[in-house]
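For reference, the structure discussed in these notes is given below.
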Amino acid sequence: MSIQVTLPDGSVRNFPQGTTAMDVARSISEGLARNVLAAKVNGEVRDADRPLPGDCTLQLLTWNDAEGKATLWHSSAHLMAEAIEALYPGTKFGIGPPIEHGFYYDIDLGDRSIGEGDFAGIEAKMKELAARKSTYQRREVPKAEAIAYFKEKGDEYKLELIEGLEDGNISFYTQGGFTDLCRGPHIPDTSFIKAVKVMSVAGAYWRGDEKRKQLTRLYAITFPKQKELDEYLTLQEEARKRDHRKLGKELDLFTFSEKVGSGLPLWLPKGTALRERLIDFMKRAQERDGYQQVATPHIGGKQLYVTSGHWEKYGKDSFRPISTPQEGEEFLLKPMNCPHHCEIFASRPRSYKDLPVRLAEFGTVYRYEQSGELHGLTRVRGFTQDDAHLFCRADQVKEEFMKVIDLVLLVFKALELHDYEAQISLRDQEDRSKYIGSDENWTKAEQAIIDAAAEKGLKTVVEHGEAAFYGPKLDFMVKDALGRRWQLGTIQVDYNLPERFELEYVGADNHRHRPVMIHRAPFGSLERFVAVLIEHTAGRFPLWLTPEQAIVLPISDKFLDRAQQVAGDLKDSDIRAAVDERSEKIGRKIRDAELAKFPFMLILGEKEAAEGTVSVREQGRGDLGTMSVQVFADLVNERVRQQLGGL
RNA sequence: GCCUUUGUAGCUCAGGGGUAGAGCACUUCCUUGGUAAGGAAGAGGUCACGGGUUCAAUUCCCGUCAAAGGCUCCA
């Protein structure tokens, strides 16, 4: 008897019964076999050394596969547990899953505690244990035996986990002297784990429930090669250097004040100028696309949010209403702009000929975020959205989506975000009852989004069940210069608000119809967007956006007048330029200008003053040679034009 | 909101129950120089805020506020 194994390239091979994935790997090449961490059998990730169940499709997983990494990290969590048990006998264990970067284990140390000073010891023990090349032995265990084992060990967390499992579906894995309740799968043996780093320690509630005991969560990461760990740590270091909170302070973009309140950013002059430039850019693009700017107040009557449904859903977790002294009328700080825009749409009768109506506003909104959630500019309590609402007919959804996609891509191009994909969030196919809006409209809108994304050639991922209750959406996921993923730019269809605000237009048939509403925000929140930009560019913003594009550096005070003149000429050519007026040596001025990230340095001495030229130096690149002020201005303006995509 | 840690000059940080420290930045003076740090002097602090212990608190204790990491949450 033999079994048929189908490999990812479509080839089919025959193997005897009892063949393992590892055997298959060996039959292909020894090199592959040495790198196999786990196997995907008929779509399920399993131990590479388990016999294949019969005819199957087989994918051998290595470090290059996300699932291979996850398997190594999961096995590493067991290894860390083994090390901790050796170093801190009596420790009880919660769960230890792999995460995006590494893994953690939640442990109960009793009266002891672990601090950063203990990390080195744990790492050393893990490496020592890993070098023993212990295999991960799987064993199916009856529930009673599993309970007996952890009762004996006194580990109430594992016992609780076993409670929730079905008899016959419980397995243990043992490596070295450590046995853990685990579904698996695991890597063949511990020697694959070559580099180990315990990253941090934090508190975490057992099962995420704040009423239950707080355990110690130990985060760590491992790699099959020391070099990869080094690279990872270097990247972490780079991320710390680019932290927008640090750079925002260094570049004088924004600040916070205890007196103003946490989560309420104060934009400094340079940061404001940058913001305004982003806003101008978006306004020009929106005008081109037929949007109309509107302006609405920062507060709205409570009834507005009762109508929209937000009061019921978020009222109790929000900033409390403010009220008038005489009448006790209640108002809410606006947490979103859409209800105001709905009222603008409803302010007069609309004909199908008027649609789409596109209302845009850089609206500042206020949301109560829990204090522990606030984080620099990425999570704040007051922020400005580049918000707009498109009121259109169902048959216009696709075209509007395509236009918005173009707008988002324009933004990405201007801001040098080149790596992105779109996530389309659709209904849960199993349960359509939790969504508002007709089945017909949903089907139409979902198809419109899918078609629009396809026609624009977007790389897309479709997620079923991720849609909001009020409509499907398309979100853009952007990878920054360090490979981190951010969600930026969102386009959402909404059937709920037109319903609740009873929005209508008169159709060609002379009957009243309900418009479809599309929310969209290419930047999302300006605050968050600027934060991402800072980290993506490390503070070296695109030329069109940067606070100051050039700084004139006179060789000595003798050329100060000429330097001011040059700066004035540049200003006349719409170039933002500063002058370093200090009586410092040129080396010092260059160094400081480089560190302050001025894109261009214009060095001006006797020769240049006589010729009417400047010696141009580009930040991070060095000397570009001598040119006239006009040539330099043209160079800058041409670059800006290119970056803005002709807008 | 909860847990842990932190809060000393504009910034980065040292210190410690008895007159508050460094480097950078800043001010003044000297220097006027050609592609990543010239020199000297000076100014700058309610040691986050409020209470307590003590002869004495920036230091020890409690509380508040803020920040960092994590948990939970996110229109």
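As the structure is a computational prediction, the values presented were derived from the model and not from experiment. All heavy atoms count here, side chains included; hydrogens, waters and symmetry mates do not. A, B, ... follow the sequence lines: proteins, then strands. Residue 1 opens every chain.
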With the sugar-phosphate defined as primed atoms, P, OP1 and OP2, and the base as all remaining atoms, what B/S/- string results for nucleotides 37-47 of chain B, 5' to 3', for protein heavy atoms under 4.0 Å? BB---------

Can you find a side-chain donor-acceptor pair between Thr364(A) and Thr384(A) that sits under 3.5 Å? yes

Whether Phe223(A) and Trp73(A) hold their rings parallel, tilted or perpendicular, with breakpoints at 30° and 60°: perpendicular

Mind checking if Lys589(A) touches a base, just sugar-phosphate, or nothing, with heavy atoms under 4.0 Å? nothing

Can a donor-acceptor pair be found, under 3.5 Å and without considering hydrogens, that links the side chain of Arg520(A) to the backbone of His389(A)? no

Residue mapping more 5' on RNA chain B - nearest nucleotide basis, Arg582(A) or Gly372(A): Gly372(A)

Once you round it to whole Å, what is the distance between P of A67(B) and CG of Leu264(A)? 10 Å

Separation of Leu560(A) atom CG from U32(B) atom P, in whole Å? 15 Å

Mind checking whether Phe523(A) and Phe529(A) have parallel, tilted or perpendicular rings, split at 30° and 60°? tilted

Thr91(A) side chain vs Tyr88(A) backbone, donor-acceptor pair below 3.5 Å: yes

Looking for any heavy atom pair under 4.0 Å, which part of the strands does Ile555(A) touch: base, sugar-phosphate only, or nothing? base

Could you check whether the rings of His101(A) and Tyr232(A) sit parallel, tilted or perpendicular, using 30° and 60° as the cut-offs? tilted

Check whether any side-chain N or O of His375(A) sits under 4.0 Å from OP1 or OP2 of A67(B), and answer yes or no. no

Within the 4.0 Å heavy-atom criterion, would you say Arg217(A) contacts the bases, only the backbone, or no part of the nucleic acid? sugar-phosphate

Regarding Thr216(A), tell me which of base, sugar-phosphate or nothing describes its non-hydrogen contacts under 4.0 Å with the strands shown. nothing

Per the 3.5 Å Watson-Crick/G-U criterion and a run length of at least three, the stems involving RNA chain B are B:1-7 with B:65-71, B:10-13 with B:21-24, B:26-30 with B:38-42, B:48-52 with B:60-64

Taking for each residue the nucleotide of RNA chain B bearing the nearest heavy atom, is the 5' side occupied by Tyr104(A) or by Ser556(A)? Ser556(A)

Rounded to whole Å, CD of Glu100(A) lies from C1' of G70(B) at a distance of 16 Å

State whether a side-chain donor-acceptor pair under 3.5 Å links Trp206(A) with Glu160(A). yes

note: Gln487(A), atom CD; C74(B), atom P; distance rounded to Å ~ 14 Å

With sugar-phosphate meaning primed atoms plus P, OP1 and OP2, does Glu618(A) contact a base, only sugar-phosphate, or nothing at under 4.0 Å between heavy atoms? nothing

Pi stacking test for Phe256(A) and A66(B): under 5.5 Å apart, planes under 30°: no

Arg245(A) near the nucleic acid: base, sugar-phosphate alone, or nothing, with a heavy-atom cut-off under 4.0 Å? sugar-phosphate

Of the options G34(B), A75(B), G7(B), whose atoms approach the side-chain atoms of Lys607(A) most closely? G34(B)

Side-chain N or O of Tyr219(A) versus OP1/OP2 of C71(B): is the shortest distance under 4.0 Å? yes

